[in-house]
Q: 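Once you've had a glance at the structure underneath, I'll fire off some questions.
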Amino acid sequence: MKIQLGNGKSKKENSLALLHGEAASSAVETAGCAYQSPSVIAAGASAQGVALLSTLTNLVLSILLIKVPSLVEGKQTSLKRTTLLIAVVSAITWLPIIFVMLFMKNVNPLLLTALWIVGLVPTTLLFPFRDNWLAGLVPAEKMGRYLSWRSVIAGVCYLATFYLMGFILDKTTGFESRSYAFILALAFLASAVSVVLYCGVRPLKAPTNTEIKPTLTFINFLKDAKKSYLGTFILFVSLYTFAVNLAGPLFASHMLSDLKFSYMTFTAVLSCEYIARIISLTFWGR
């Protein structure tokens, strides 16, 4: 699906091209987020500290995400404004982490954990608003192919940035805190680029259908979950995610602290997932 900027192109095509660029900048920011646990480990956190970081992050995000659907389903004319506001906050929250890693000689793992949680909240909340905005711009018949190309762009940029960050950390082992400040500055710049790209994407038109939909509560969802394929699927994904997260957050601690992996080896292991995505997603999209 070729989407190019230029004269004669519709605002929708220009917006979709900008969102492809946002996929690249967002991937760079995500690569920075992937060094969340290693940065806390470098600050002196134990496996318990890493587990605490993961627990508090997921708990806070889960509570906040419950409110997101009602906000997303509000007035579509305010969707661009809301997305831009969250994107700006997301970019700003990188700065305290960078400042601490750059200027503090002995970084307190608990302080760094708190800063990461605060920083990840707007970054994660941004995704539902952006995706809802994107879904309103992409034609339904082209959605699969568009998302597959978007995922490939994001995967390639993520891998390139992830390896670059791993290389920088590997070559500057004696200056870990400053090295982390540098790679997280890359994530901050990418987040700022995303804000600029969002400014150029056209807002969605206000919905013409004013029909009031029944409110879906958590209790009602649990009661009706077994009656639909979607409910069964959501329960399966929830239980699967719960099982994975029992050990998942501790892999970084195990590889870096116990197995003594270098940052490049750590990067290579984690990148296997994205290599598989890049190879397969274009086929899944079709």
Q: Are any non-hydrogen side-chain atoms of Arg130 and Ser194 less than 4.5 angstrom apart?
A: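 No; the side chains remain at least 4.5 Å from each other.
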Q: Do you reckon Ile86 sits in the same ILVMFWY cluster as Leu134, going by side-chain contacts under 4.5 Å, direct or chained?
A: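 Both belong to a single hydrophobic cluster.
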Q: May I ask you to check whether Thr241 and Ser238 show a side-chain donor-acceptor distance below 3.5 Å?
A: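 There is no such pair (donor and acceptor under 3.5 Å, judged by atom type) between the side chains of Thr241 and Ser238.
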Q: So do the side chains of Phe182 and Met165 get within less than 4.5 Å of each other, counting heavy atoms only?
A: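 Phe182 does not reach Met165 side chain to side chain.
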Q: Looking at Phe233, I want to see if its CZ is surrounded by more than 12 non-hydrogen atoms of other residues, nucleotides or ligands under 6.0 Å.
A: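 No - once you tally the heavy atoms of other residues, nucleotides and ligands closer than 6.0 Å, there are 12 at most.
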Q: Carefully, step by step, assess Val107 and Leu111 under the rule side chain to side chain contact (heavy atoms under 4.5 Å, CB included).
A: CA-CA 8 Å; Val107 181; Leu111 172 62; 5.6 Å; no
Q: Would you check if Phe251 and Ser37 make a side-chain contact, meaning some heavy-atom pair closer than 4.5 Å?
A: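 They are not in side-chain contact.
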Q: Hey, does Thr93 have a side-chain heavy atom less than 4.5 Å from the side chain of Val121?
A: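 Of all side-chain heavy-atom pairs linking Thr93 with Val121, none is under 4.5 Å.
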Q: Taking atom types as modelled and ignoring hydrogens, do the side chains of Thr267 and Tyr35 form a donor-acceptor contact shorter than 3.5 angstrom?
A: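 Side-chain D/A pair, Thr267 to Tyr35: present.
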Q: With heavy-atom distances below 4.5 Å as the criterion, would you say the side chains of Leu79 and Pro203 are in contact?
A: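 Counting from C-beta outward, Leu79 and Pro203 never come under 4.5 Å.
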Q: Is there a side-chain contact between Leu169 and Met264 in this structure, where contact means two heavy atoms from C-beta onward sitting under 4.5 Å apart?
A: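 Leu169 vs Met264: side chains apart.
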Q: With the 4.5 Å side-chain cut-off for hydrophobic clustering, are Leu110 and Val40 part of the same group?
A: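 Leu110 and Val40: one cluster.
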Q: So does Ala23 get a backbone contact from the side chain of Ser26, meaning a donor-acceptor N/O pair under 3.5 Å?
A: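 It does not hold such a pair.
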Q: Side chains of Met101 and Leu112: does their closest heavy-atom pair fall under 4.5 Å?
A: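 Yes - at least one pair of side-chain heavy atoms lies under 4.5 Å apart.
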Q: Check the side chains of Thr83 and Tyr198 for a donor-acceptor pair under 3.5 angstrom, ignoring hydrogens and angles.
A: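 No, because no side-chain N or O of Tyr198 sits under 3.5 Å from a partner of the opposite role on Thr83.
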Q: Under 3.5 Å, is there a donor-acceptor pair between the Thr161 and Glu29 side chains?
A: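 Note: Thr161 and Glu29 side chains miss the donor-acceptor criterion.
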Q: Tell me, please, which residues at least two apart from Asp258 pass side-chain hydrogen bond (donor to acceptor under 3.5 Å, both in side chains).
A: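 Partners of Asp258 by the side-chain hydrogen bond (donor to acceptor under 3.5 Å, both in side chains) criterion, ordered by chain and then number, come out as His254.
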Q: Any donor-acceptor pair under 3.5 Å linking the side-chain atoms of Thr123 with those of Trp94?
A: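 No.
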Q: One pair to check against side chain to side chain contact (heavy atoms under 4.5 Å, CB included): Tyr158 and Ser271. What are the steps and the verdict?
A: CA-CA 9 Å; Tyr158 177 92; Ser271 66; 5.9 Å; no
Q: Under a 3.5 Å distance rule, please check whether Arg150 uses its side chain to pair with a backbone N or O of Leu19 as donor and acceptor.
A: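 Judged by distance alone, yes, a pair lies under 3.5 Å.
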Q: Just wondering, do Arg202 and Leu137 contact through their side chains at under 4.5 Å, heavy atoms?
A: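 Side-chain contact under 4.5 Å: yes.
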Q: Got a donor-acceptor contact below 3.5 angstrom from the Tyr180 side chain to the Ile98 backbone?
A: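 Here the side-chain-to-backbone pair does not exist.
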